[in-house]
Trainee: 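Pasting a structure below so you can have a look.
Chain identifiers are assigned alphabetically (A, B, ...) following the order of the sequence lines, protein sequences preceding nucleic acid strands; residue numbering begins at 1 within each chain.
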Number of protein chains: 2
Amino acid sequence: MAKDTEEETTGRKASWKQDPEAVRADILRVATDEFAAKGLSGARIDDIARMTKASKRMIYYYFTDKEGLYQAVLERVYSTLREDEDRLKVEDLSPVDGLALLVRATFEAHAATPMFIRLVMIENIHNAEYLRRSEIVPRLNRSIIQKLEDVCARGKAEGVFRETADPLELHWLISSPSFYNVSNRATFSTSFGTELFGPEGQKRLAQRVVDMILGLVVIGYEPGQVRVE
Amino acid sequence: MAKDTEEETTGRKASWKQDPEAVRADILRVATDEFAAKGLSGARIDDIARMTKASKRMIYYYFTDKEGLYQAVLERVYSTLREDEDRLKVEDLSPVDGLALLVRATFEAHAATPMFIRLVMIENIHNAEYLRRSEIVPRLNRSIIQKLEDVCARGKAEGVFRETADPLELHWLISSPSFYNVSNRATFSTSFGTELFGPEGQKRLAQRVVDMILGLVVIGYEPGQVRVE
DNA sequence: CTTAAATTGTACGAGATGGTTAATTTGTCA
DNA sequence: TGACAAATTAACCATCTCGTACAATTTAAG
């Protein structure tokens, strides 16, 4: 009841700094969580607004609509990931060790960013509609292929890699277990238990993936020849 | 207002047959498409109702609510898949050929049922909440592990498989590329092109997966030793 | 200090959406 | 046949959700 309507406490913030970038970033941060958790249709703009310092109005001010916000989230996450990729230095290693490092790093990078994985899953549910629409994303992801090309070229030149080794195929072969390891953890462990997803199991899986890839590419490779960690 | 209440044109269908099973099945069929296409939150009960012969009320009559319908869809699809699995006969083959067949069949089965893949993706987005709740599903999926156990045991007994071969790990290693091949096709081809997903590319990938798995398990295996097709 | 531009809060509407009420038909069994 | 349970239907409802109108407030420039 309390009828202090006379108060008319217009809830306007008494004072604020003009900091568009910070507001934008905060919205994106919250929206990333929300979209990753509930998907595009499941996410609620009102929930995002509530969790943000900014008001709901600002979401539309900066991102036009829900899809615009989703697209921005997607692009930011993809970009962030590329930076991590670029940090890898494989040129200094032997082809075998370089490839092993790429495999291990990919496996671990996926495991470390479940949020990114979820957004990619969601985007695939939407048939990559928003990824395709993006100008910035398609030309990302190139660096990892580049690294694989370098390693493959050196490995073949040194005669330690099979001539059949193909960078794009390899990227696919390395990504698939790394991605699946995170994306399908819930259903897999429901059906078959969690033993593969503890610290032990994860190390074993990483080792298996390294062994599989090197076994395919490196002439005369024996499982366990290169150890993970 | 409108005073033609006397009319009371109850638009009821003049006549219909009672066929509960058919109605239930029809709803499930339509709902499977809808959920696979748009996810749990994206799916629209009204759309399902419109595409069904039955009325919207029947959906609630038989499945209680949206989640009940989704759960029924999930269980039916999982069950259907198990039947396919059981049709595989690997006991008659040598361990190496048997394992190769399992790999190939898994790869192809996944590629042939994108709808199932999408539902599993969606279920993972929901952290397998509904799969866990199901009584019937968890104990499915056992037959594939059983087959792998048989093959592994025989392979080790014959001295052609490494002692490190583990059925559960193998299932994971075989499933991951098979699943990823379908689940991430949209984003992968957006980033890297479609060449892996034509008939040629798919055959190459299947061969690579066979080579990887056999390379990991079979002592002295060389890529291409067992050919796909 | 005036004033236009930038930024934010509130309140609300239109339409969609999950779910329900109440009626009607069909089939079955005493 | 007639009563009763099961099956089926159309219409309806309460609520949620995206998006917007618009006023209020602050910043910044002249």
Trainee: So, does A/Arg50 use its side chain to make a donor-acceptor pair with the main chain of A/Ile45 at under 3.5 Å?
Mentor: no
Trainee: Checking A/Met115 now: which residues fulfil side chain to side chain contact (heavy atoms under 4.5 Å, CB included) with it, not counting sequence neighbours?
Mentor: A/Thr32, A/Asp33, A/Ala36
Trainee: Roughly how many Å is it from CD1 in B/Ile27 to C1' in D/dA7, rounded to a whole number?
Mentor: 12 Å
Trainee: What residues, two or more places apart in sequence or in another chain, satisfy ring-ring contact (aromatic ring centres under 6.0 Å, His included) together with A/Tyr130?
Mentor: A/Tyr70
Trainee: Report the residues that fulfil ring-ring contact (aromatic ring centres under 6.0 Å, His included) with A/His110, sequence neighbours left out, ordered by chain and then residue number.
Mentor: none
Trainee: Tell me: CG of A/Asp47 to C1' of D/dC18, nearest whole Å?
Mentor: 13 Å
Trainee: For A/Ser134 and A/Ile136, indicate whether the former's side chain and the latter's backbone hold a donor-acceptor pair under 3.5 Å.
Mentor: yes
Trainee: Using 30° and 60° as the class boundaries, would you call the ring planes of B/Phe188 and A/His171 parallel, tilted or perpendicular?
Mentor: parallel
Trainee: Is the backbone N or O of A/Pro167 less than 3.5 Å from a side-chain atom of A/Glu149, with the two atoms forming a donor-acceptor pair by type?
Mentor: no
Trainee: I'd like to know if the side chain of B/Glu34 and the backbone of B/Arg44 have a donor-acceptor N/O pair within less than 3.5 Å.
Mentor: yes
Trainee: Name all residues meeting the salt bridge (Lys or Arg N to Asp or Glu O under 4.0 Å) criterion together with B/Arg208; count only those two or more places apart in sequence or in a different chain, and write none if there are none.
Mentor: A/Glu169
Trainee: Could you state the CZ-P distance from A/Arg50 to C/dT10, rounded to the nearest angstrom?
Mentor: 13 Å
Trainee: Give every pair of a protein N or O atom and an N or O atom of nucleotides 12-16 of chain C that lie under 3.5 Å apart, one pair per line with the distance.
Mentor:
none

Trainee: How many whole angstroms separate atom CD1 of A/Ile59 from atom P of D/dG19?
Mentor: 11 Å
Trainee: According to ring-ring contact (aromatic ring centres under 6.0 Å, His included), who are the partners of A/Tyr78, at least two apart in sequence or on a separate chain?
Mentor: A/Phe116
Trainee: When you measure from the side chain of B/Gln207 to the backbone of B/Val228, do you find a donor-acceptor pair of N or O atoms at a distance under 3.5 Å?
Mentor: yes
Trainee: Can you tell which of D/dA7, D/dA10, C/dT8 lies closest to the side chain of A/Met58?
Mentor: C/dT8
Trainee: Just how far, in rounded Å, is P of C/dA6 from CZ of A/Arg57?
Mentor: 14 Å
Trainee: What N/O pairs connect the protein and nucleotides 13-15 of chain D at under 3.5 Å? Give each pair on its own line.
Mentor:
none

Trainee: Enumerate the residue pairs fulfilling salt bridge (Lys or Arg N to Asp or Glu O under 4.0 Å) with a member in residues 59-70 of chain B, sequence neighbours excluded, ordered by first and then second residue.
Mentor: B/Glu67-B/Arg133
Trainee: Any side-chain N or O of A/Ser55 under 4.0 Å from OP1/OP2 of C/dT8?
Mentor: no
Trainee: Take the C1' atoms of the five end pairs on each side of the helix from C/dC1-D/dG30 to C/dA30-D/dT1, get both axes, and report the angle to 10 degrees.
Mentor: 10°
Trainee: Can you list the residues that meet the ring-ring contact (aromatic ring centres under 6.0 Å, His included) rule with B/Tyr60, with sequence neighbours excluded?
Mentor: none
Trainee: Under 4.0 Å, counting only non-hydrogen atoms across every strand here, what does A/Ala43 touch: a base, just sugar-phosphate, or nothing?
Mentor: sugar-phosphate
Trainee: In whole Å, what is the span from the CD1 atom of A/Ile48 to the C1' atom of D/dT17?
Mentor: 12 Å
Trainee: Do any pairs count as a salt bridge (Lys or Arg N to Asp or Glu O under 4.0 Å) and have a residue in residues 99-118 of chain B, sequence neighbours left out, and if so which ones?
Mentor: none
Trainee: Could you list by number each residue of residues 60-71 of chain B showing a heavy-atom separation from DNA chain D of less than 4.0 Å, or answer none if no residue does?
Mentor: B/Tyr61, B/Tyr62
